[in-house]
Amino acid sequence: MSALWPVLWPLLTATVMGLLWRHPVWHRWIGVGACFAHVFIAVHLMGEANGRGPVVTTLGGWKPPFGIVFVADRLGAAMVLVTAVIGFAIALSSVRGIDARREAFGYHPLVQTLLGGVCGAFLTGDFFNLYVWFEVMLVSSFVLLALGGERRQMAGALHYVSYNLVASATFLIGMGTLYGSIGTLNMADVAQRLPQANPAVAAVVVGLLTVAFGVKAAVFPLFTWLPASYHTPPTLVSALFAGLLTKVGVYALIRTTTLLGPDSAPWLPGVLVVVAVLSMGFGVLGAVAQDDFRRVLSLHIVSQIGYMLFGLALMTPLALAGAVYYVLHHILVKTNLFLIGGLAKRMCGTERLAGMGGLYRRSPGLSLLFLVPALSLAGLPPLSGFWAKLFVVRAGIEADAWAGVAVALACGLLTLFSMLKLWNEAFWKPAPQEPTEPLWTARRKWMAVPVALLAIGTVGFGLFAGPLFAFSERVAEELLRPETYVQAVLGGSK
Amino acid sequence: MSVLVVVLVGVLFAVAAYLMMRRSIVKLIFGLLLLGTSANLFIFVAARLVPGRPPIVAPGQSTLEPPFADPLGQALILTAIVISFGVLAFAMVLVKKTYQAIGDDDLDALDPVSREEEG
């Protein structure tokens with residue numbers, strides 16, 4: 001199968017929706033159907049990439065390194081698969097979870113273009129094309145963030161847009177330097193040629209790319225756009241962003257670090273360890289200080305990104321496998337937590353923790369659904385977060401990175417503390433005022449379906465940690481031998 | 001020639017950074033605009049400036065005689081210009097809406113707004 005399908009499919013869906021612009025109600029079901037099919041496309045691609053090695057698709061018959069190439073190796077295919085699953089959950093939730101005005105202004109097609117951009121970023125094998133997919137994704141997210149035009153949405157969107165535009169410019173400058181020095185932008189070709197370039201230029205290139213991707217991934221100290229914006233749009237939009245957008249940055253960091261890092265920038269892992277430890281610490285400390293459901297969750301993203309980077313920075317097979325497992329687990333869990341946050345907000349009429357309460361007494365079922373991802377995020381066995389943290393921490397111990405390990409464990413404890421704070425405030429304590437309306441309307445019951453599906457997925461991720469980790473190890477193996485990737489892309493043309 | 005463009009790029013970056021650090025929202029957008037432009041010019045000069053040598057194969061020959069101007073760098077810039085045009089058009093509308101919503105051109109007025117509860 002062509003590695004282009006997972007990218008083209010959502011864009012095609014968006015086009016169909018655009019043709020049916022006057023019927024936003026149809027968009028809902030087209031979205032659900034298309035996202036369901038997207039999952040199957042992703043599974044198929046995954047099967048091929050896992051069974052026969054990287055799937056390479058050249059565009060327009062131009063042989064790499066001259067043309068743009070799409071590469072689905074295990075990492076790319078796995079990321080696309082999780083993206084498709086999240087897309088399906090969001091589409092299902094969007095059937096009843098979004099107001100008519102936002103639907104009329106193209107909410108559903110924008111979700112599809114966002115998914116297309118994200119999948120494009122995961123599969124492309126060309127730096128400039130990566131920039132283009134970043135922009136596709138960003139423009140969709142800009143509009144989704146500002147759609148609705150509430151005061152605080154405008155404020156959040158301005159922070160988000162300006163920070164990300166600066167990151168895009170940084171990426172462009174990095175690419176200009178890259179092209180000026182070695183005359184190629186194909187990732188595999190760059191991996192081969194950059195080590196022969198002037199080391200100072202190579203350092204500048206890798207540094208600029210790392211900063212640009214660091215902004216997208218929201219690492220310390222480049223994360224400030226995230227807590228400024230993620231709590232402002234409708235919760236469904238936040239859930240989509242929280243699951244996918246920062247992980248595109250992490251993916252790009254994993255890709256560039258493993259492809260270019262060892263030969264062109266030996267200093268990079270050292271920098272990443274420091275950044276990772278600071279992200280873990282500052283993210284979790286920020287989260288502990290918040291008093292708003294979504295703000296707590298937003299800052300936890302920063303902290304969790306730190307764990308993934310810690311795994312990446314150690315660059316051992318175990319650490320890298322742990323980081324990959326962490327990314328996949330975190331996408332499911334974080335999206336689910338935001339979706340539950342949205343339900344809790346509807347039920348309590350507010351997201352301020354002080355104004356929430358009494359949900360456990362009124363709905364033990366929802367409370368259980370909250371506990372699964374919340375405890376998974378905090379890292380309690382046997383849930384997926386426990387395994388993710390275990391692999392990363394164990395890799396840290398094996399690599400003698402004791403300071404990082406200590407911070408990781410302490411941050412795990414603080415994560416548990418702040419998840420318990422959410423539990424105590426929103427679920428356990430009595431409601432500030434006696435509720436009058438019924439808790440479970442038909443709309444809320446519908447919106448609980450994707451939450452339950454993702455919770456089952458999270459439990460499955462924990463129970464089948466063995467096979468999933470074995471897969472992550474194969475991903476890590478592939479990443480640590482970039483020759484495989486380079487060979488798959490350039491093999492024919494050399 | 002190259003040196004002149006390099007200096008221009010540097011000055012543009014400096015102006016962009018200065019404008020972005022001002023408190024006015026309008027100046028922020030001007031800063032972003034100049035930042036995008038200077039990044040494009042940077043790629044332009046990084047892909048080498050070769051005046052008067054278009055990449056056209058001379059009649060009777062099968063390959064290009066170096067030095068010639070590299071068209072790929074310019075194609076990259078063209079793509080980047082189109083993208084930044086779209087994004088900045090959106091950003092300007094956003095600034096206008098933000099100004100209408102907040103009633104102030106001061107970035108510091110954003111923070112209390114983003115802390116508000118949804119109404």
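Naming: A, B, ... by sequence-line order, numbering from 1 per chain. Hydrogens, waters and symmetry mates are skipped; everything else that's a heavy atom, side chains included, is used.
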Any idea which of B:Val95, B:Leu72, B:Ile25 has the most non-hydrogen atom pairs under 4.5 angstrom with chain A? B:Leu72

Looking at B:Phe90, I want to see if its CZ is surrounded by more than 12 non-hydrogen atoms of other residues, nucleotides or ligands under 6.0 Å. yes

Counting heavy atoms not belonging to B:Arg53, are there more than 12 under 6.0 Å from its CZ?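 Yes.
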
Run the numbers on B:Ile43 and A:Tyr179 for side chain to side chain contact (heavy atoms under 4.5 Å, CB included), then give the verdict. CA-CA 8 Å; B:Ile43 299 182; A:Tyr179 186 73; 5.7 Å; no

Please name all residues satisfying salt bridge (charged side-chain N to carboxylate O under 4.0 Å, His left out) with A:Asp291, sequence neighbours left out, ordered by chain then number.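 Counting only residues at least two positions away or on another chain, A:Asp291 forms a salt bridge (charged side-chain N to carboxylate O under 4.0 Å, His left out) with A:Arg352.
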
Pairing residues for B:Arg23 by the salt bridge (charged side-chain N to carboxylate O under 4.0 Å, His left out) criterion, not counting sequence neighbours: B:Asp106, B:Asp108

Any non-hydrogen side-chain atom of B:Leu76 less than 4.5 Å from a side-chain atom of A:Tyr131? no

Chain B contact via [X] - which portion, at a heavy-atom distance below 4.5 Å:
X	answer
A:Leu138	neither
A:Phe128	side chain
A:Ala146	side chain
A:Val136	neither

For the residue pair [X] and [Y], what are the closest heavy atoms and their distance?
X	Y	value
A:Ile173	B:Phe42	O-CE2, 3.3 Å
B:Ala39	A:Ala169	CB-O, 4.1 Å
A:Gly176	B:Ala46	O-CB, 3.4 Å

Where on [X] is there a heavy atom nearer than 4.5 Å to chain A: the side chain, the backbone, both, or neither?
X	value
B:Ile29	neither
B:Phe13	side chain
B:Ile83	side chain

Can you tell me how far [atom2] of [Y] sits from [atom1] of [X], rounded to the nearest 0.5 angstrom?
X	Y	atom1	atom2	value
B:Lys96	A:Met154	NZ	CE	12.0 Å
A:Thr170	B:Leu35	OG1	CG	7.0 Å
B:Thr79	A:Glu135	OG1	CD	11.5 Å

Among A:Val161, A:Leu158, A:Val139, which residue has the highest count of heavy-atom pairs closer than 4.5 Å to chain B?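 Looking at each of A:Val161, A:Leu158, A:Val139 in turn, A:Leu158 comes out on top.
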
